[in-house]
Amino acid sequence: MSTFSRTTVTAALIYANGPIHIGHLAGCYLPADIYVRFLRLQKKDVIFVSGTDEHGVPITIKAQKEGKTPQEVVDYYYKEIKSSFEDFGISFDFYGRTSDPVHHQFSQDFFLKLYNEGKFVEETTMQYFDESANQFLADRYITGDCPSCKQSGAYGDQCEKCGTTLSPNELLNPKSMLSGASPVLKPTKNWFLPLDKWQGELTKYIDLHPEWKPNVLGQVKSWLQEGLKPRAMTRDLNWGVPIPLPDTEGKVLYVWFDAPIGYMSMTTQLTPDWEKYWKAKDSQIVHFIGKDNIVFHCLIFPAMCMAHGEFQLADQVPANEFMNLEGDKISTSRNWAVWLHEYLQDFPGKQDVLRYTLTSLSPETKDADFTWADFQTKNNSELVAILGNFVNRAFVLIDKNFDSQVPVKCIESSLESDLMLALKDIPAKLDAALAGFKFRDALVNAMEIARLGNKYLAETEPWKVIKEDRAQAGSILNFAVQLVAQAAIALEPFLPFTSHTLREALGMSDYSWTHIGDFEIIPAGRSLKNPGLLFDKIEDDVIQVQIDKLNQTKNLMELALKTVPMVKDTIEFDDFAKMDIRIGEIVAAEKMEKSKKLLKLKVNDGIKTRTILSGIAEYFKPEEVIGKQVSFLANLAPRKMMGLESEGMILMAEDADGSLAFVQPDKKIWNGATVN
RNA sequence: GGCGGGGUAGCUCAGAUGGUUAGAGCGUUGGAUUCAUAACCCAAAGGUCGGCAGUUCGAUUCUGCUCCCCGCUACCA
């Protein structure tokens with residue numbers, strides 16, 4: 001990596017339909033920020049760009065729901081997201097947005113170049129069009145009856161009832177989910193990037209990077225193995241970057257086409273010198289992303305760049321896994337998250353505490369779990385007890401005994417040489433960890449400086465030495481001050497706010513990464529300004545408030561789940577009379593092989609024994625249902641599941657938690673009794 | 001059932017192309033100390049590295065089988 005003259009760092013463009021939570025931070029923004037700060041401290045040429053992705057169907061849906069225009073929705077979230085990042089100290093050089101005219105122009109130019117050079121394949125297909133909403137419908141916005149099981153509620157891409165994979169044209173009675181109207185088929189032209197043609201080049205490219213993380217390579221290789229297929233780079237939609245070709249009204253660039261181009265268009269807004277960051281061979285390009293973005297950054301975007309021809313490909317794509325919260329997956333829709341803007345309100349001035357916790361729990365190799373208890377422990381046992389305490393000891397001792405001025409250093413003893421020996425390896429370890437994107441490990445190494453400081457003070461005991469040898473005690477404190485200064489530098493990427501406070505207190509104006517391990521940073525005689533306590537203890541009640549908040553969310557969600565569903569549309573008696581519900585006895589039951597949910601039941605219906613397959617295996621063992629009298633739908637059309645025919649359906653009542661109960665007669669009754 | 005990821009100290013996690021006493025932080029226990037936010041420092045306890053079998057002079061590390069957890073997915077008419 002030392003051969004690169006400059007580095008271009010990007011962090012994933014976040015979708016502008018919701019606020020930022022800790023999962024986003026841990027996934028890519030925090031690691032990216034740490035990496036960038038590390039490079040800047042080394043005085044490297046580096047730029048850091050990111051922004052919001054503001055196009056695509058979900059934003060139009062959200063706007064429609066809220067009665068706003070898409071632009072209003074993205075304006076709101078762009079502002080909120082940008083300011084949260086700023087408050088949190090994510091040090092973007094430029095934070096842009098894909099609805100910016102500059103971006104539109106740039107991605108249109110990109111598209112046109114590919115178009116003019118014949119890099120796309122044009123294809124006209126018949127797509128469903130909603131005339132009242134005046135737009136083409138994405139597969140999952142069409143619903144209808146399944147051609148295979150004849151049931152309603154199937155989606156354009158799949159019937160969830162019987163599992164058949166569908167294309168929208170196969171649906172019977174298709175309905176638009178936007179307006180409920182029946183859509184009509186209309187021909188539409190789209191442009192595809194033939195990824196299959198780039199498969200060889202892409203494979204070569206990936207083979208050049210055996211050093212990429214296993215999770216990244218694993219996913220990329222499995223896609224290559226299955227064989228890449230052409231992918232549409234345009235969509236029929238009104239919200240997005242318009243296709244820069246005649247007669248293409250109502251068509252826009254696919255979000256995953258224009259979004260990564262955003263990295264470049266944003267760079268053009270940062271510096272007129274932008275080209276070298278994307279075109280020069282000696283530029284290192286690093287994309288920080290979450291694991292859900294791997295395919296786009298490692299295959300599709302590189303293929304686009306290859307087709308374009310002028311841009312360099314990514315050198316590193318350090319993708320993180322996901323961060324969970326208190327054991328559960330973070331979910332925006334379930335409001336199961338710690339929102340950054342709320343954290344900043346609840347914990348003012350404590351950005352570094354969250355930065356520290358998230359970094360030390362970072363999901364670098366596997367999904368991780370954030371708990372408030374961990375947050376409290378990290379703060380109290382590490383930030384307060386190790387770092388804050390060491391800094392405070394050094395300042396208090398100097399304030400009390402040396403009138404806040406850095407004392408002079410004198411002869412070193414073996415304790416000092418031990419200290420310097422212990423510190424010697426730290427810069428190299430830090431460098432290796434940071435350059436290898438092992439931020440967890442790097443943080444531990446940076447904190448080691450403060451640990452060594454506490455140890456040094458305990459061993460030298462300047463508060464005792466001062467009584468007999470003032471010069472010697474002063475010398476010890478000089479060493480301690482140099483350690484504080486080194487910690488301020490080494491921790492800057494992780495704890496920028498704390499580092500800033502320390503640098504002010506120590507009067508450091510000129511500093512760089514190479515000063516770690518240097519014991520001449522702060523000259524003797526300089527007046528220090530005690531910064532006070534760097535970190536406060538976080539008490540149980542503060543943590544409890546946060547946990548209560550989450551539990552409340554959980555309860556609300558459970559309550560929402562328990563809400564009694566609306567009564568369905570009124571039916572006539574004749575409709576009801578069609579159903580033949582009867583009582584029968586389960587005489588045999590066994591688990592279906594190869595199925596998690598299905599139980600194979602033999603039911604005595606008074607006439608014969610019929611086979612009914614029922615999806616209750618998760619709640620009932622075969623032996624506990626034998627002998628039960630249950631109600632079942634007797635005239636349901638037989639249906640094959642897992643290769644066996646089911647003759648009827650057992651009626652089950654579903655409890656609020658999803659568990660099931662049989663609908664049974666309240667006394668023993670004859671098998672075959674009808675239910676009316 | 002299929003695909004992917006994982007099972008290493010009380011907790012959160014490192015690690016090993018197979019080789020002498022398997023690591024870190026937090027937590028626990030004991031000691032020391034008082035400059036410091038009951039903080040710091042020292043020490044100890046604590047692991048048959050999910051289970052079984054195989055390959056090997058030797059496996060926690062390789063192979064096979066198996067159990068458990070997480071995600072996606074199929075099956076709940």
Practice prompt. Supply the atom-to-atom distance A/Phe370 CZ to A/Glu326 CD, rounded to the nearest 0.5 angstrom.
Written response: 7.5 Å

Discussion item. So A/Leu361, base contact, sugar-phosphate only, or nothing? Heavy-atom distance under 4.0 Å.
Written reply: sugar-phosphate

Fill in: C1' atoms of B/G47 and B/U33, separation to the nearest Å
32 Å

Practice prompt. Give the rounded distance in Å between these two atoms: CG of A/Leu443 and C1' of B/G25.
Written response: 11 Å

Worksheet item: Could you give the CG-to-P distance, from A/Asp369 to B/C13, as a whole number of Å?
Response: 7 Å

Discussion item. Checking side-chain polar atoms at under 3.5 Å, does A/Ser413 have a donor or acceptor matched by the opposite partner on A/Glu416?
Written reply: yes

Worksheet item: NA contact type, A/Leu599, heavy-atom cut-off 4.0 Å: base, sugar-phosphate, or nothing?
Response: nothing

Worksheet item: If the P atom of B/C52 is compared with that of B/C67, how far apart are they to the nearest Å?
Response: 15 Å

Worksheet entry | Length of the line joining A/Asn445:CG and B/G25:C1', which is rounded to integer Å | 12 Å

Item to complete: Grab the CG-P distance between A/Asn389 and B/U34 for me, whole Å please.
Response: 16 Å

Worksheet item: Atom CD1 of A/Ile538 to atom P of B/U37: distance rounded to whole Å?
Response: 18 Å

Worksheet item: Would you say a side-chain N or O of A/Ser360 is under 4.0 Å from OP1 or OP2 of B/G25?
Response: no

Worksheet item: Do the side-chain N or O atoms of A/Lys537 get closer than 4.0 angstrom to the phosphate oxygens (OP1, OP2) of B/A39?
Response: yes

Item to complete: Give the nucleotide from the list B/U37, B/C26, B/A77 with an atom nearest to the side chain of A/Asn392.
Response: B/U37

Fill in: Polar side-chain atom of A/Arg610 near backbone of A/Ala634 as donor-acceptor pair, under 3.5 Å
yes

Worksheet item: Below 4.0 angstrom from OP1 or OP2 of B/A36, is there any side-chain N or O of A/Lys400?
Response: yes

Item to complete: Consider the side chain of A/Glu382, meaning its heavy atoms from C-beta on, and name the nucleotide among B/C26, B/A39, B/A77 that approaches it most closely.
Response: B/C26

Discussion item. In whole Å, measure the gap between the P atoms of B/C57 and B/C11 for me.
Written reply: 38 Å

Practice prompt. Could you pull out all residues at least two apart from A/Glu459 that satisfy side chain to side chain contact (heavy atoms under 4.5 Å, CB included)?
Written response: A/Leu415, A/Lys455

Just list the side-chain donor-acceptor pairs under 3.5 Å for residues 395-403 of chain A, sequence neighbours left out, or say none.
from, atom 1, to, atom 2, distance (Å)
A/Asp399, OD1, A/Ser404, OG, 2.7
A/Asp399, OD2, A/Asn530, ND2, 2.9
A/Asn401, ND2, A/Leu397, O, 3.0

Fill in: Heavy-atom pair with the smallest gap, counting every atom of A/Gln376 and A/Glu539
NE2-C, 3.5 Å

Worksheet item: With a 4.0 Å cut-off on heavy atoms, is A/Phe535 in touch with a base, just the backbone sugar-phosphate, or nothing at all?
Response: base

Worksheet, complete the sentence: Testing B/C35, B/U37, B/C41 for proximity to the side chain of A/Asn454, the answer is B/C41

Practice prompt. For B/A14 versus B/G50, give the span between their P atoms, rounded off to a whole number of Å.
Written response: 14 Å

Worksheet item: Counting N and O atoms only, with roles assigned by atom type, does the side chain of A/Gln664 sit under 3.5 Å from a partner on the main chain of A/Gln629, one being a donor and the other an acceptor?
Response: yes

Practice prompt. Classify the nucleic acid contact of A/Glu459 as base, sugar-phosphate or nothing, counting any heavy atom under 4.0 Å across all strands shown.
Written response: nothing

Item to complete: Could you provide the dot-bracket string of RNA chain B, using ( ) for intrastrand pairs, [ ] for crossing pairs and | for bases paired to another strand, with Watson-Crick or G-U pairs below 3.5 Å?
Response: (((((((..((((.....[...)))).((((.........)))).....(((((..]....))))))))))))....

Worksheet item: When you measure from the side chain of A/Val384, which nucleotide among B/C41, B/A77, B/U37 comes out closest?
Response: B/U37

Worksheet item: Of the nucleotides B/C35, B/A77, B/U37, which has the atom closest to the A/Arg393 side chain?
Response: B/C35

Worksheet item: On RNA chain B, nearest-nucleotide positions of A/Gly532 versus A/Asn324: which is more 5'?
Response: A/Gly532

Fill in: Inter-nucleotide C1' distance (B/A22, B/G30), Å rounded
25 Å

Practice prompt. Return the value, rounded to whole Å, for the distance between atom CD of A/Glu326 and atom P of B/C11.
Written response: 16 Å

Discussion item. Any side-chain N or O of A/Arg440 below 4.0 angstrom from OP1/OP2 of B/G15?
Written reply: no

Worksheet item: Taking only N and O in the side chain of A/Lys455, is any of them less than 4.0 Å away from OP1 or OP2 of B/C42?
Response: yes

Discussion item. Any base atoms under 4.0 Å from A/Lys464, or only sugar-phosphate, or nothing? Heavy atoms, all strands.
Written reply: sugar-phosphate

Practice prompt. Determine the interatomic distance between P on B/G15 and the same-named atom on B/G19; round to the nearest Å.
Written response: 15 Å

Worksheet item: Looking only at atom P, what distance separates B/G31 and B/C13, rounded to whole Å?
Response: 33 Å

Worksheet item: If you measure from the P atom in B/G23 to the same atom in B/G4, how many Å do you get, rounded?
Response: 34 Å

Worksheet entry | A/Tyr35 and A/Phe437 aromatic centres sub-6.0 Å | yes

Worksheet item: Checking all strands, does A/Leu477 fall into the base, sugar-phosphate, or nothing category for heavy-atom contacts under 4.0 angstrom?
Response: nothing

Fill in: Euclidean distance, atom CG of residue A/Leu598 to atom C1' of B/C75 [Å, nearest integer]
5 Å

Fill in: Nearest listed nucleotide, side chain of A/Arg451, among B/U37, B/A77, B/C26
B/C26

Worksheet item: For A/Glu364 and B/A14, what is the distance between atoms CD and P respectively, to the nearest whole Å?
Response: 9 Å

Discussion item. Taking the minimum atom-to-atom distance to the side chain of A/Ser381, which one of B/G27, B/U34, B/A77 wins?
Written reply: B/G27

Worksheet entry | Polar side-chain atom of A/Ser499 near backbone of A/Ala488 as donor-acceptor pair, under 3.5 Å | yes

Fill in: Nucleotide of B/G15, B/A77, B/C35 approaching A/Lys438 most closely (side-chain heavy atoms)
B/G15

Discussion item. Over all strands shown, is A/Asp374 touching base, sugar-phosphate only, or nothing at heavy-atom distances under 4.0 angstrom?
Written reply: nothing

Worksheet item: Do A/Phe535 and A/Tyr356 have their ring centres less than 6.0 Å from each other?
Response: no

